[in-house]
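Protein chains get the first letters and strands the later ones, always in sequence-line order, with residue 1 at the start of each. The model shown is predicted, which means the values in this text are computed figures rather than measured ones.
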There are 2 protein chains.
Amino acid sequence: MTESRRGRPSTGVREAVLKATEEVLGEAGLALSTKEVARRAGVVESSVFYHFGNRLGLLQAVIGLHLPVFADATVVLGRTRRSGDLTADLAAVIGGLERFYLRIMPILGALQSDLKLRELLVERQAEVGPHLALKPVAELLRAEQRAGRVRESLDAAAGALLLIGAGHQRALHRYLLGGLAEGVLPPVESVAETLAPAFAVA
Amino acid sequence: MTESRRGRPSTGVREAVLKATEEVLGEAGLALSTKEVARRAGVVESSVFYHFGNRLGLLQAVIGLHLPVFADATVVLGRTRRSGDLTADLAAVIGGLERFYLRIMPILGALQSDLKLRELLVERQAEVGPHLALKPVAELLRAEQRAGRVRESLDAAAGALLLIGAGHQRALHRYLLGGLAEGVLPPVESVAETLAPAFAVA
DNA sequence: GTCTATAAGTTGATAGAC
DNA sequence: GTCTATCAACTTATAGAC
């Protein structure tokens with residue numbers, strides 16, 4: 001719909017390949033092969049090389065697709081309307097972060113598992129990277145502080161780390177353990193309730 | 001030193017292979033190959049197969065070497081003497097967890113990046129797995145509660161998740177960004193100070 | 001832009017000598 | 001237990017036709 005009419009019309013191969021890559025990345029991790037990706041995308045392997053140059057280029061492309069989103073936790077968080085009840089609001093934020101991290105878990109895993117990919121991340125760390133999520137969450141907290149719903153003396157960055165840590169931790173264990181995680185993990189509500197006194201106005 | 005004199009004397013190949021595997025795992029992640037491992041261990045490739053059967057067996061062996069340690073966060077935490085100052089103690093615990101997670105990051109990354117490895121984890125989840133770290137930390141909190149240094153009403157499991165989440169989060173970003181992380185991450189002390197009101201006795 | 005064909009190398013794994 | 005030798009399958013990547 002938003003496609004330009006100029007240039008060669010896209011045949012959707014690029015998109016299909018990217019989608020397939022994400023799929024495979026979620027299953028095989030970095031054991032991902034261009035052949036398998038091509039097979040899933042219903043495309044011939046050389047098309048992958050045509051579009052992305054080489055295997056690392058393909059990996060970069062999928063990661064690049066997601067990394068900006070890392071910085072956009074506000075998309076998730078901003079939409080959630082504050083109820084005024086601190087515990088409920090904290091639970092909503094943690095829950096939002098949890099869903100966000102669950103979605104990008106394969107990409108995060110790949111980043112963790114490959115030296116070359118990590119080097120790439122360090123190179124471009126100003127623009128992209130999971131650490132950028134810290135900023136919008138801290139910003140959200142500062143807004144709440146201005147509204148008088150969170151204590152003035154709170155270190156917004158540290159508060160953000162705690163919220164992100166909790167959300168990510170829950171996401172990680174759910175990703176690793178699947179359905180079994182529910183039996184081991186404390187529920188979001190408990191975590192929010194536990195954290196609330198640290199955020200509450202004196 | 002602790003070797004038994006019975007049976008064939010170990011020639012250290014097994015140990016060398018395991019060590020090399022960890023090394024490679026930290027760099028290449030799951031792109032780890034038996035050939036490369038053998039080369040680093042200074043051993044012939046077929047020895048790897050002799051000892052571990054196949055590639056997955058090798059991966060299992062290194063992971064199995066570390067997973068029990070996941071449950072043993074107390075080794076780190078128990079050694080740290082409580083100062084009586086809640087913020088300082090929380091900082092020590094988070095710092096300990098951070099160092100622990102930094103050490104096992106490659107293994108955690110591998111776990112995250114491979115479907116087969118995750119299935120294995122689910123299978124053996126009662127004995128091994130990162131979620132087991134939750135228990136000793138919660139236990140530590142309960143001990144502090146009994147000693148009257150942490151509020152009675154605190155949900156120990158939720159508190160543990162927050163501490164672990166904070167430590168893991170800091171470790172993850174340091175692992176991904178290297179030295180650059182210091183500029184982005186709030187220091188442990190700030191995090192501990194922020195979290196303290198949630199743990200303090202009324 | 002997508003295809004076929006193929007090069008050149010690496011992979012996990014086994015058999016059998018010592 | 002460790003070695004040499006070897007295998008088929010698979011890997012990334014390229015050239016060139018359409």
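Residue L161(B) comes nearest to P186(A) through the heavy atom pair CB-CG, 4.0 Å, listed as atom of the first residue, atom of the second, then distance. Nearest approach of Y101(A) to H168(A), heavy atoms of both residues: CD2-CD2, 3.8 Å. Contact detail for A110(A) and S113(B): the closest heavy-atom pair is N-OG, 3.8 Å. Between I164(B) and Q169(A), the shortest heavy-atom distance links the atoms CG2-NE2, 3.2 Å.
One atom, CZ of R55(B), and another, P of dT10(C), lie 17 Å apart when rounded to the nearest Å. Taking atom CG on L32(B) and atom C1' on dT10(C), their separation rounds to 14 Å, with Å as the unit. Rounded to whole Å, atom P of dA15(C) lies 15 Å from atom OH of Y50(B). Per the geometry, CZ belonging to R14(A) stands 13 Å off C1' belonging to dG1(C), to the nearest Å. dA7(C) atom P lies 17 Å from atom CZ of F49(A), rounded to whole Å. Across the protein-nucleic acid pair, E36(B) atom CD and dG9(C) atom P stand 18 Å apart, rounded to whole Å. Separating the CG atom of N54(A) from the C1' atom of dA8(C) is a distance of 17 Å, rounded to the nearest angstrom. Atom pair E45(B):CD and dA13(C):P shows a separation of 9 Å (rounding to whole Å applied).
A salt bridge between E119(A) and K116(A) is absent, with no side-chain N of the basic residue lying under 4.0 Å from a carboxylate O of the acidic one.
Note on L56(B): nothing from the nucleic acid sits closer than 4.0 angstrom, heavy atoms only.
Under 4.0 angstrom from either OP1 or OP2 of dC3(D) there lies at least one side-chain N or O belonging to S47(B). Proximity of S33(A) to the phosphate of dT11(D): a side-chain N or O atom is located under 4.0 Å from OP1 or OP2. Checking the phosphate oxygens (OP1, OP2) of dT11(C), no side-chain nitrogen or oxygen of T34(B) falls inside 4.0 Å.
Between V43(A) and K35(A), the residue anchored nearer the 5' end of DNA chain C, judged by the nucleotide with its closest heavy atom, is V43(A).
In the interface, the side chain of S46(A) is paired with the base of dT4(C) through a donor and an acceptor atom under 3.5 Å apart.
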